[in-house]
Asker: 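Mind looking over this structure? Questions follow.
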Amino acid sequence: QKPTAIITGASSGLGLNAANALAQSGDWHVIMACRDFAKAERAAQKLGMPKGSYTVMHLDLASLESVRQFVQNFKNSGRRLDALVANAAVYLPTAKEPTFTADGFELSVGTNHLGHFLLVNLLLEDLKNSPKNNPAGAPRCIIVGSITGNTNTLAGNVPPKADLGDLRGLTTGLDGRNSSMINGGEFDGAKAYKDSKVCNMLTMRQLHQRFHDSTGVTFASLYPGCIAETGLFRNHIGLFRTLFPPFQKFITKGYVSEAEAGRRLAQVVSDPSLNKSGVYWSWDNDKSSLWFDSVDGALENRVSEEVSDDKKGSKLWDVSVKLHNPT
Ligand code: NDP
């Protein structure tokens with residue numbers, strides 16, 4: 001059996017292009033874990049992903065029941081698990097009111113963080129049991145982060161900034177009765193997305209601290225660059241969608257194509273030299289950063305103060321576990 005990588009949200013953008021890069025390499029079998037089965041199949045065919053190099057499996061991260069069902073279906077498939085990539089996300093910057101997952105959590109944090117949190121926890125044992133003879137050399141678990149977690153960049157400082165506060169909104173269920181925001185504040189769709197990305201990176205660091213030594217799994221996060229044309233911005237206003245790609249290309253120089261971003265994510269999955277655990281990888285489009293350690297073009301980036309707050313990460317872990325196991 002070929003080494004297997006599960007990629008969530010592989011029906012478009014970064015996930016699709018990473019799935020394509022891994023499938024085309026011939027070294028991997030890719031499980032495309034998607035909520036829209038037909039869309040994923042069409043996208044795979046459009047990119048010419050070889051038949052037999054991928055399997056589409058249903059996963060809706062906005063439903064914990066669906067996450068559990070996906071894990072059961074995966075286990076029933078008898079496949080080994082070598083890499084798990086938590087990539088899917090929703091971004092609702094123009095939403096005036098919160099919307100909620102099947103379990104009643106605000107949709108961005110519910111999907112991007114809580115759905116993935118359960119998925120990773122349920123598949124950790126399978127990763128640990130990987131035969132380890134995959135191209136990366138060891139099993140990997142990757143949670144896609146974002147620039148919002150590096151306050152050492154301009155984009156990471158654009159308001160509304162991520163801020164989980166003391167997690168009081170999350171602690172009370174994130175169901176809108178007290179608050180639909182992690183910090184207990186007023187709903188703000190752009191901030192909810194950024195908060196969810198901070199949760200993704202805090203979770204990766206917690207996984208590393210709690211399980212790297214005992215499981216041998218390499219945990220990592222990454223910022224692939226600004227992929228300004230993906231579906232992520234589908235809910236933004238038209239003018240933004242028109243101006244954002246050239247702005248990123250010519251002004252910030254943070255722009256990266258979907259194909260290149262996909263190669264970067266595939267590199268974090270498969271490149272044996274990116275074997276350090278607990279790292280947040282980035283790429284310098286200008287190749288001008290002198291203050292990072294670089295491995296095969298990937299840079300070990302610094303994270304923001306909030307993302308490096310391991311006490312907060314630990315509290316986030318405990319609250320997230322409780323939300324998945326209501327008494
Ligand atoms: P896309 O919108 O193109 O891809 C998001 C994927 O997530 C889609 O496949 C979507 O499925 C899937 N998805 C959304 N909700 C669910 C759900 N409930 N269950 C299962 N799948 C779901 O965006 P990107 O490719 O840009 O985003 C991918 C990752 O990259 C995200 O984690 C994002 O935060 C990160 N990122 C993106 C950047 C960018 O500039 N675009 C920059 C930094 C990070 P469907 O096709 O059915 O909608």
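Read the numbers this way: they start at 1 and go in the same order the structure lists the ligands and their atoms.
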Asker: Given 3.5 Å as the limit, does a donor-acceptor pair link the side chain of H208 with the main chain of M204, or not?
Answerer: no

Asker: Report, in ascending order of atom number, the atoms of ligand 1 lying under 4.0 Å from any heavy atom of L59.
Answerer: 19 (N), 20 (C)

Asker: Rounded at 0.5 Å granularity, tell me how far CG in N178 sits from OG1 in T171.
Answerer: 10.5 Å

Asker: Among all protein heavy atoms, pick out the one at the shortest distance from atom 8 (C) of ligand 1; state its residue, atom name and that distance to 0.1 Å.
Answerer: S12 OG, 3.6 Å

Asker: How close do K39 and D36 get, counting heavy atoms only, and between which atoms?
Answerer: N-OD1, 3.1 Å

Asker: So for G145, does at least one of its heavy atoms come nearer than 4.0 angstrom to any atom of ligand 1?
Answerer: yes

Asker: Please say whether V90 places an N or O atom under 3.5 Å from an N or O atom belonging to ligand 1.
Answerer: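 N/O-N/O distance under 3.5 Å: no.
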
Asker: Evaluate whether atom NZ of K312 has more than 12 neighbouring non-hydrogen atoms of other residues, nucleotides or ligands under 6.0 angstrom away.
Answerer: yes

Asker: Got the closest protein heavy atom to atom 34 (O) of ligand 1, with its distance?
Answerer: Y193 OH, 2.5 Å

Asker: For N112, which part has a heavy atom under 4.0 Å from ligand 1: side chain, backbone, both, or neither?
Answerer: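 Near ligand 1, N112 shows nothing, with every heavy atom at 4.0 Å or more.
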
Asker: Answer yes when D309 and K311 have at least one side-chain N-carboxylate O distance shorter than 4.0 Å, and no when they do not.
Answerer: no

Asker: I need the nearest protein heavy-atom contact for atom 26 (O) of ligand 1: residue, atom name and distance, please.
Answerer: T230 OG1, 2.6 Å

Asker: If the cut-off is 4.0 Å to any non-hydrogen atom of C226, which atoms of ligand 1 fall inside it?
Answerer: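 In order of number, 40 (O).
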
Asker: Are R80 and D82 ion-paired here, with the side-chain N under 4.0 Å from a carboxylate O?
Answerer: yes

Asker: Within ligand 1, which atoms have a heavy atom of K39 less than 4.0 Å away?
Answerer: 45 (P), 46 (O), 48 (O)

Asker: Would L164 and V198 count as a side-chain contact (heavy atoms from CB on, under 4.5 Å) if you check the C-alpha gap in whole Å, the side-chain angles of each, and the deciding distance to 0.1 Å?
Answerer: CA-CA 8 Å; L164 309 190; V198 168; 3.9 Å; yes

Asker: So, H29 and S53: side-chain donor and acceptor under 3.5 Å apart, yes or no?
Answerer: no

Asker: For S66 and D60, run side-chain hydrogen bond (donor to acceptor under 3.5 Å, both in side chains): C-alpha distance rounded to whole Å, both residues' side-chain angles, the deciding distance at 0.1 Å, then the answer.
Answerer: CA-CA 6 Å; S66 173; D60 182 354; 5.6 Å; no

Asker: Among all protein heavy atoms, pick out the one at the shortest distance from atom 43 (C) of ligand 1; state its residue, atom name and that distance to 0.1 Å.
Answerer: Y223 CE1, 3.4 Å

Asker: With a 3.5 Å distance limit and no angle check, can you tell me whether T218 reaches the backbone of R140 through a side-chain donor-acceptor pair?
Answerer: no

Asker: Heavy-atom distances under 4.0 Å decide this one: backbone, side chain, both or neither, for Y91 against ligand 1?
Answerer: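 No part of Y91 comes within reach of ligand 1.
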
Asker: Distance under 4.0 Å to a non-hydrogen atom of A62: what atoms of ligand 1 satisfy this?
Answerer: 18 (N)

Asker: Name the closest protein heavy atom to atom 25 (O) of ligand 1, giving the residue it belongs to and the distance to 0.1 Å.
Answerer: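 Ranked first by proximity to atom 25 (O) of ligand 1 is L14 N, 2.8 Å.
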
Asker: Do the rings of W317 and F211 sit parallel, tilted or perpendicular, given the 30° and 60° boundaries?
Answerer: tilted

Asker: Do me a favour and list the nearest non-hydrogen protein atom to atom 47 (O) of ligand 1 with residue, atom name and distance?
Answerer: R35 NE, 3.0 Å

Asker: To which protein heavy atom is atom 9 (O) of ligand 1 closest, and what is the distance rounded to 0.1 Å?
Answerer: S11 OG, 2.7 Å

Asker: Give the residue, atom name and distance (to 0.1 Å) of the protein heavy atom nearest atom 19 (N) of ligand 1.
Answerer: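 The closest one turns out to be L61 N, 2.9 Å.
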
Asker: Does at least one non-hydrogen atom of A33 fall below 4.0 angstrom from an atom of ligand 1?
Answerer: no

Asker: Quick one: which of A88, A89, A40, G225 has a heavy atom closest to atom 22 (C) of ligand 1?
Answerer: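 Ranked by closest heavy atom to atom 22 (C) of ligand 1, first place is A88.
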
Asker: Would you call C34 a ligand 1 contact, heavy-atom distance under 4.0 Å?
Answerer: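 Contact absent.
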
Asker: Looking only at heavy atoms of N87, does any of them come nearer than 4.0 Å to an atom of ligand 1?
Answerer: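 N87 counts as a contact of ligand 1 under the 4.0 Å cut-off.
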
Asker: Of the backbone atoms (N, CA, C, O) and the side-chain heavy atoms from C-beta on, which set of K197 has a member under 4.0 Å from an atom of ligand 1: side chain, backbone, both, or neither?
Answerer: side chain

Asker: I'd like to check whether G15 has a polar contact with ligand 1, where a contact means an N/O of the residue lying under 3.5 Å from an N/O of the ligand.
Answerer: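 Not met; the criterion fails.
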
Asker: Report yes if some N/O of P224 lies less than 3.5 Å from some N/O of ligand 1; otherwise report no.
Answerer: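 Between P224 and ligand 1, no N or O pair is found under 3.5 Å apart.
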
Asker: Flag L232 as yes when one of its N or O atoms lies below 3.5 Å from any N or O atom of ligand 1, and as no otherwise.
Answerer: yes

Asker: Would T94 and H236 count as having a side-chain donor-acceptor pair, cut-off 3.5 Å?
Answerer: no

Asker: Please evaluate residues M181 and E186 with respect to the criterion side-chain contact (heavy atoms from CB on, under 4.5 Å), reporting the C-alpha separation (whole Å), side-chain torsions for both, the decisive distance (0.1 Å), and the verdict.
Answerer: CA-CA 7 Å; M181 299 296 287; E186 287 290 304; 5.9 Å; no

Asker: Between T111 and ligand 1, which part of the residue brings a heavy atom under 4.0 Å of the ligand: side chain, backbone, both or neither?
Answerer: side chain

Asker: Give the contacting part of D60 toward ligand 1: side chain, backbone, both or neither, where contact means a heavy-atom distance below 4.0 Å.
Answerer: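 The part of D60 near ligand 1 is both the backbone and the side chain.
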
Asker: Give the atom numbers and elements of ligand 1 that come within less than 4.0 Å of a heavy atom of G13.
Answerer: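 Close to G13: 3 (O), 25 (O).
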
Asker: Taking the six-membered ring for Trp, is the centroid-to-centroid distance between H324 and F117 below 6.0 Å?
Answerer: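 Aromatic pair counts; centres sit under 6.0 Å.
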
Asker: Got a donor-acceptor contact below 3.5 angstrom from the K2 side chain to the G26 backbone?
Answerer: yes

Asker: Does D163 come within less than 4.0 Å of K161, counting only side-chain N to carboxylate O?
Answerer: no

